[in-house]
Amino acid sequence: MKTNERLKTMGEKIKNIVLPVVAYGGVAGILSGFLVGLFNFGARYLIKFSEDIYRSVVTHLWAIPLFFLGLIALAMLMALLHKLIPNVRGSGIPNVEGSVRGVLSYKWFRTLFGTVAGSFLSFFAGLPLGSEGPSVQLSAMTAQGVTEVMKAKLTWRRYLIAGGAGTGIAVAFNAPLAGIIFAMEECHKRISPMILLCASSSVISGTATYRLLGMAIKDAKWSSTSMLFDIQGLEPFGDFKQMSSFGEFAGVLGILIGIGVVIGVLAILFNFLLIRSQKLMDKCVKKFPYWARLLVAFVLTGVLGLIFAKCFDDGYAFLNTGGHSLIDLLCHSGLKYSFWFLLSILLLRMILLLVCFNSGATGGLFIPMLAIGALLGAMLGTLFVKMGMDSMYFPAVIVISMTTFFGASVRAPITAIVLVVELSGYKSDFLPVAISIFTAYLVAEILGNSPIYDSLLDRLVEQKSEGVVKKEFIISVGKGTFAVGRQIQDIMWPAGAHITHIITTNGDSVIPNGKTELQIGDQLTLEVESSDFHEMDEFIATFEEKKPKYKVDNTDLEDAGNGSQEESAMADNIDSVYKEEQIADDDATDNDVSAKEEKEESADGENKE
């Protein structure tokens with residue numbers, strides 16, 4: 001009897017968990033690996049072409065007017081693209097996190113196309129924005145498209161979008177482990193078996209596809225089997241396993257803690273400046289059309305780019321592009337630059353990054369943040385060498401500093417530690433790296449500044465908050481639904497939903513908490529704040545067979561949603577998945593991230609302008 005029950009349980013797990021993970025995650029990963037690989041391949045060629053143009057213009061002064069006319073044309077094309085597809089502005093990671101958490105939704109195909117087009121415009125113009133954020137959005141929208149085309153159940157969609165985001169990181173950085181951890185630590189902000197399974201399936205299949213394509217294309221710019229950064233012979237800094245005295249240990253420990261404190265403070269300053277400058281720009285440029293922001297960003301990039309291309313052999317790497325070439329340059333020959341020169345590059349790059357990002361230009365912050373951290377590391381490394389540190393450790397200080405800056409700004413220390421290995425090939429003692437990263441993380445937490453992607457997401461949600469209304473849904477727990485016998489904390493409720501009270505089958509009124517267990521016939525009152533209640537109908541219908549009711553201003557209205565046999569079947573599948581996962585999250589959502597109408601997107605775009 002027990003054997004039959006075990007076999008039945010195994011069969012249910014294979015049907016409800018293993019097969020969907022392999023089917024949905026595998027297909028999404030393969031398509032994401034292919035598309036994101038081609039996207040980054042094209043981005044590298046565009047960046048190289050842009051560099052050649054800058055170098056050519058400074059040697060042919062007659063071409064300067066044509067150069068700036070071209071930049072103006074690119075800015076106008078970007079403005080037109082953003083008017084048609086407003087959700088491809090800025091970095092793609094906050095948009096994806098909003099989709100994963102159920103507070104934002106997009107048309108996947110329009111967003112996919114707009115992300116590619118907008119990013120290529122930014123790269124061709126030489127803007128200091130990265131391809132990794134758009135890669136995450138491109139991969140996540142591909143995963144969303146797979147769930148819609150394959151008609152995946154509601155319970156899988158957010159997991160697969162998060163898995164797609166991880167695949168974007170994995171392919172863009174050629175770092176599969178970082179992609180899996182990013183999906184859990186940054187996108188979902190929690191670790192659970194279901195997130196791990198979906199992310200692993202998508203990331204592994206996507207990375208394998210990317211590398212197979214690299215083997216087939218055999219182009220140096222594909223680089224699917226090498227580290228993202230060309231750092232040869234990286235000597236570990238502060239290898240505690242090789243130390244023989246307490247004095248040496250204390251000295252290195254002090255340096256690592258000092259790096260963490262300095263980088264942590266500056267990372268918080270970066271977050272503060274970015275968010276404050278966005279608010280300042282929103283207030284100051286309301287009198288000007290949206291395209292004027294982009295025009296200033298493109299022209300300023302062109303002016304500074306030409307000046308540096310004229311004055312320095314590696315001038316294009318200092319300010320233009322996301323910072324990949326700058327990081328390689330600093331690791332190989334950063335010691336030939338003075339502390340004050342590096343400081344001036346840092347300030348100019350910060351100003352240009354703030355102007356370009358706040359203009360709304362499509363492009364990511366991931367690599368630009370690593371580049372800022374690398375500049376800070378080069379400055380600290382220059383000081384350490386003057387204080388007696390062996391110059392062979394200079395690249396290691398840069399690598400530690402750039403990942404520490406990322407970990408403090410984003411509040412993703414585990415992802416940062418993994419990035420040290422997968423981006424640079426750092427293979428020695430991880431304790432020194434962990435000391436700096438977690439010191440910076442503690443400094444950021446003490447100072448109390450919000451993680452940068454969370455702040456950007458809050459701004460997006462705030463901009464979309466117009467039209468949000470509060471409704472009160474009254475639903476009953478139906479027989480055979482996945483909610484029966486579950487505690488409230490184990491159910492992923494729609495975003496913005498709060499259970500105000502419960503009336504049990506005995507007629508008792510209960511003030512619920514996370515451990516309140518739901519039973520058949522319990523009547524729940526949900527207070528929900530949203531601008532699109534149709535996305536909640538599918539979720540609510542899993543509670544009961546009859547139509548849900550909701551009240552607006554104390555008036556009962558019939559909702560348009562209808563229960564169906566298909567929804568009942570979906571509820572059974574959801575039940576199996578929740579039994580396996582037991583996620584505790586009161587405010588999370590399983591909203592269907594299916595697309596909103598184009599009219600709403602255009603209206604949102606006009607509100608942003």
Side-chain angles (χ1 to χ4, degrees), residues 130 173 178 227-231 234-239 252-271 318 322-335 337-339 341-343 345-347 349-350 353 365-387 389-426 428-444 452:
F173 286 117
M227 299 293 175
L228 181 67
F229 299 116
D230 183 19
I231 306 174
L234 182 64
E235 291 292 335
F237 175 71
D239 191 346
V252 171
L253 182 63
I255 291 176
L256 292 171
I257 292 176
I259 291 175
V261 172
V262 172
I263 297 295
V265 171
L266 293 176
I268 294 307
L269 178 61
F270 170 78
N271 289 6
F318 286 130
H324 180 284
S325 54
L326 175 62
I327 294 172
D328 284 341
L329 177 65
L330 292 174
C331 288
H332 286 116
S333 55
L335 276 174
Y337 304 111
S338 70
F339 176 89
F341 177 79
L342 293 172
L343 178 60
I345 295 298
L346 174 65
L347 294 176
R349 190 172 182 87
M350 277 283 295
L353 176 61
L365 283 175
F366 207 122
I367 282 288
M369 283 193 292
L370 293 179
I372 291 173
L375 280 167
L376 293 171
M379 293 165 60
L380 292 173
T382 300
L383 294 177
F384 293 157
V385 169
K386 290 183 178 181
M387 294 167 61
M389 184 187 77
D390 195 322
S391 60
M392 65 187 292
Y393 298 122
F394 182 78
V397 172
I398 292 177
V399 171
I400 292 173
S401 298
M402 72 180 187
T403 50
T404 298
F405 186 89
F406 167 81
S409 178
V410 180
R411 302 290 209 288
I414 301 176
T415 303
I417 292 174
V418 174
L419 281 174
V420 172
V421 181
E422 294 193 299
L423 296 188
S424 64
Y426 191 96
S428 188
D429 189 3
F430 295 114
L431 182 58
V433 178
I435 289 173
S436 291
I437 290 176
F438 280 100
T439 299
Y441 181 87
L442 288 175
V443 169
I452 187 62

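Under the side chain to side chain donor-acceptor pair (under 3.5 Å) criterion, Ser401 pairs with no residue at all, not counting sequence neighbours.
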>> Pair Phe405, Phe270 - check ring-ring contact (aromatic ring centres under 6.0 Å, His included), show working.
In response: CA-CA 10 Å; Phe405 186 89; Phe270 170 78; 5.6 Å; yes

>> Walk me through whether Phe173 and Leu370 qualify under side-chain contact (heavy atoms from CB on, under 4.5 Å).
In response: CA-CA 12 Å; Phe173 286 117; Leu370 293 179; 4.3 Å; yes

> Could you go step by step and tell me if Phe318 and Leu326 meet the side-chain contact (heavy atoms from CB on, under 4.5 Å) rule?
Replying inline: CA-CA 6 Å; Phe318 286 130; Leu326 175 62; 3.9 Å; yes

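Separating the CG atom in Leu375 from the CG atom in Leu342 is a distance of 6.5 Å, to the nearest 0.5 Å. Atom CD1 of Ile327 is separated from atom CD1 of Ile372 by 10.0 Å, given to the nearest 0.5 angstrom. The CG atom of Leu419 lies 8.5 Å from the CD1 atom of Ile437; values are rounded to the nearest 0.5 Å. Atom CD1 of residue Ile417 and atom OG1 of residue Thr403 lie 8.5 Å apart, to the nearest 0.5 angstrom. In this structure, Leu330 CG and Thr382 OG1 are separated by 9.0 Å, a value rounded to the nearest 0.5 Å. Here CE of Met350 is found 9.0 Å from CG of Leu266. Values are rounded to the nearest 0.5 Å.
Taking the six-membered ring where the residue is Trp, Phe341 and Tyr337 present parallel rings, their angle staying beneath 30° rather than reaching 60°.
Side-chain atoms of Leu269 and Val265, non-hydrogen and from C-beta on, never get closer than 4.5 Å to each other. No side-chain heavy atom of Ile259 sits less than 4.5 Å from a side-chain heavy atom of Ile435. A heavy-atom distance below 4.5 Å is not found between the side chains of Ser436 and Ile263.
When ring centroids are compared, Phe406 and Phe366 come within the 6.0 Å threshold.
Across every non-hydrogen atom of Met389 and Gly381, the tightest pair is CE-O, 4.1 Å. Of all heavy-atom pairs between Val443 and Gly264, the closest is CG1-C, 4.0 Å. Looking at every heavy atom in both residues, Ser409 comes nearest to Met369 through OG-SD, 3.4 Å. Scanning all heavy atoms of the two residues, the minimum distance from Ala444 to Ile268 falls at CB-CD1, 3.5 Å. Nearest heavy atom pair, residue Val397 against residue Gly377, reads CG1-O, 3.6 Å. Gly260 approaches Thr404 most closely through the heavy-atom pair CA-CG2, 4.4 Å.
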